[in-house]
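Some notes on the structure that comes next.
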Amino acid sequence: MTVTRERLFWLFKSEPSCFSFDDLKARHNGTEHWDGVRNFQARNLLRDEIKPGDGVLFYHSNIPEPAIVGIAEVVSEGYPDWTALDPSAEHFDPRASRDNPVWYMVDVRYVRPLKRPVTLNEMKTHPELSGMVLLKRSRLSVQPVTHHEWEYILRLGGID
DNA sequence: GCCAACGTTGGC
DNA sequence: GCCAACGTTGGC
């Protein structure tokens with residue numbers, strides 16, 4: 001018997017100059033592994049908490065107008081981020097090994113863009129969103145989003 | 001490009 | 001195990 005849990009929601013940050021929402025769309029089946037996360041709190045989420053079927057808000061950071069631009073979906077369990085094992089990879093980590101991967105990732109699949117991006121500035125003006133991790137601990141690159149925040153942002157983004 | 005916030009490292 | 005130094009993130 002399979003035990004399922006309620007669908008959960010997350011926000012993944014990416015610098016569009018490095019990997020944008022359109023880049024995800026262009027991947028085979030719109031699917032790509034979310035590698036390169038090198039923060040332990042985010043690692044724990046990827047390894048233990050984030051499950052197939054969960055919703056992902058795709059956020060563009062480090063640009064003049066940072067914003068949530070689209071929706072993606074988690075399509076794998078967490079599994080070892082093998083880019084940490086590759087000395088030639090940007091996010092190589094000498095501590096990682098096959099026996100002790102240290103870092104984890106999940107696969108995400110493109111779902112749809114928001115009809116209009118929801119900018120960081122706009123989010124700051126909505127009291128309903130004041131509890132968002134994005135506004136309180138902005139540096140965490142993989143972070144939880146409440147169901148209420150998810151619905152609210154989709155509505156702001158023109159999706160019902 | 002600046003710099004505040006903050007996570008990580010390493011000496012003690 | 002504390003905490004200063006350091007490195008990185010990311011808004012501006």
Side-chain angles (χ1 to χ4, degrees), chain A residues 8-27 32-51 54-74 78-108 110-146 148-150 152-159:
Chain A
L8 296 182
F9 304 96
W10 312 93
L11 182 148
F12 285 19
K13 287 194 292 188
S14 186
E15 300 188 23
S17 62
C18 176
F19 185 75
S20 71
F21 190 57
D22 281 342
D23 291 333
L24 179 63
K25 181 181 186 180
R27 290 298 195 269
E32 185 57 282
H33 47 265
W34 200 266
D35 63 279
V37 173
R38 297 292 180 267
N39 167 281
F40 286 104
Q41 197 172 346
R43 187 279 310 269
N44 293 346
L45 296 175
L46 290 167
R47 186 189 58 190
D48 305 328
E49 306 293 337
I50 300 176
K51 300 296 175 187
D54 285 355
V56 172
L57 297 173
F58 199 111
Y59 178 83
H60 281 168
S61 67
N62 239 321
I63 50 174
E65 198 147 51
I68 295 168
V69 295
I71 302 167
E73 184 179 28
V74 178
Y79 62 99
D81 180 348
W82 41 261
T83 65
L85 304 177
D86 177 0
S88 67
E90 183 186 0
H91 296 108
F92 172 66
D93 186 339
R95 293 173 294 184
S97 67
R98 289 184 59 169
D99 285 346
N100 178 29
V102 185
W103 303 111
Y104 284 76
M105 59 187 174
V106 297
D107 292 346
V108 296
Y110 178 95
V111 175
R112 64 197 294 196
L114 298 186
K115 285 182 184 163
R116 47 175 215 95
V118 177
T119 67
L120 179 61
N121 274 330
E122 185 179 0
M123 284 185 263
K124 287 176 180 172
T125 69
H126 291 270
E128 293 86 349
L129 302 178
S130 62
M132 282 190 74
V133 177
L134 186 69
L135 302 181
K136 290 159 51 177
R137 292 214 26 232
S138 65
R139 290 185 54 184
L140 191 62
S141 67
V142 169
Q143 52 181 257
V145 171
T146 68
H148 180 255
E149 290 160 352
W150 170 270
Y152 196 88
I153 285 166
L154 263 50
R155 223 175 306 127
L156 289 179
I159 293 177

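This is a predicted model, so every value here is computed, not measured. Sequence lines set the chain letters: A, B, ... in the order given, protein chains first and strands last, and positions in each chain run from 1.
Rounding to whole angstrom units, CZ of residue A:Arg139 and P of C:dG10 are separated by 7 Å. With rounding to whole Å, A:Glu15 atom CD is found 12 Å from C:dG11 atom C1'. When rounded to the nearest whole Å, the span between CD of A:Gln143 and P of B:dC6 equals 13 Å. If you measure from atom NZ of A:Lys136 to atom P of C:dG11, you get 17 Å, rounded to the nearest angstrom. The nearest whole Å value for the distance from the CH2 atom in A:Trp103 to the P atom in B:dG7 is 13 Å. Computed from coordinates, the A:Glu90 CD to C:dT8 C1' distance equals 12 Å when rounded to whole Å. Following rounding to the nearest Å, A:Ile68 (CD1) and C:dG10 (C1') show an atom-to-atom distance of 15 Å.
With respect to A:Asp81 and A:Arg38, a salt bridge is recorded, a charged nitrogen being found less than 4.0 Å from a carboxylate O.
Applying the 4.0 Å criterion to OP1 and OP2 of C:dG11, one finds that A:Tyr59 has a side-chain N or O inside that range. A sub-4.0 Å separation between OP1 or OP2 of C:dG11 and a side-chain N or O of A:Lys13 is absent. At least one side-chain nitrogen or oxygen of A:Arg137 sits closer than 4.0 Å to the OP1 or OP2 atom of B:dG7.
For A:Trp82 and A:Tyr104, the ring centers sit 6.0 Å or farther from each other.
Each of A:Phe40 and A:Asn62 was assigned the nucleotide of DNA chain B with the nearest heavy atom; the assignment lying further toward the 5' end belongs to A:Asn62.
If you check every strand for non-hydrogen atoms under 4.0 Å, A:Arg95 touches sugar and phosphate atoms only.
The two residues A:Ser130 and A:Lys136 have their closest heavy-atom pair at O-CD, 3.8 Å.
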Step-by-step ring pair (Phe, Tyr, Trp, His ring centres under 6.0 Å) determination, A:Trp103 to A:Tyr79 | CA-CA 8 Å; A:Trp103 303 111; A:Tyr79 62 99; over 10 Å; no
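Side-chain atoms of A:Asn39 lie closest to B:dT8 of the nucleotides C:dG11, C:dG10, B:dT8.
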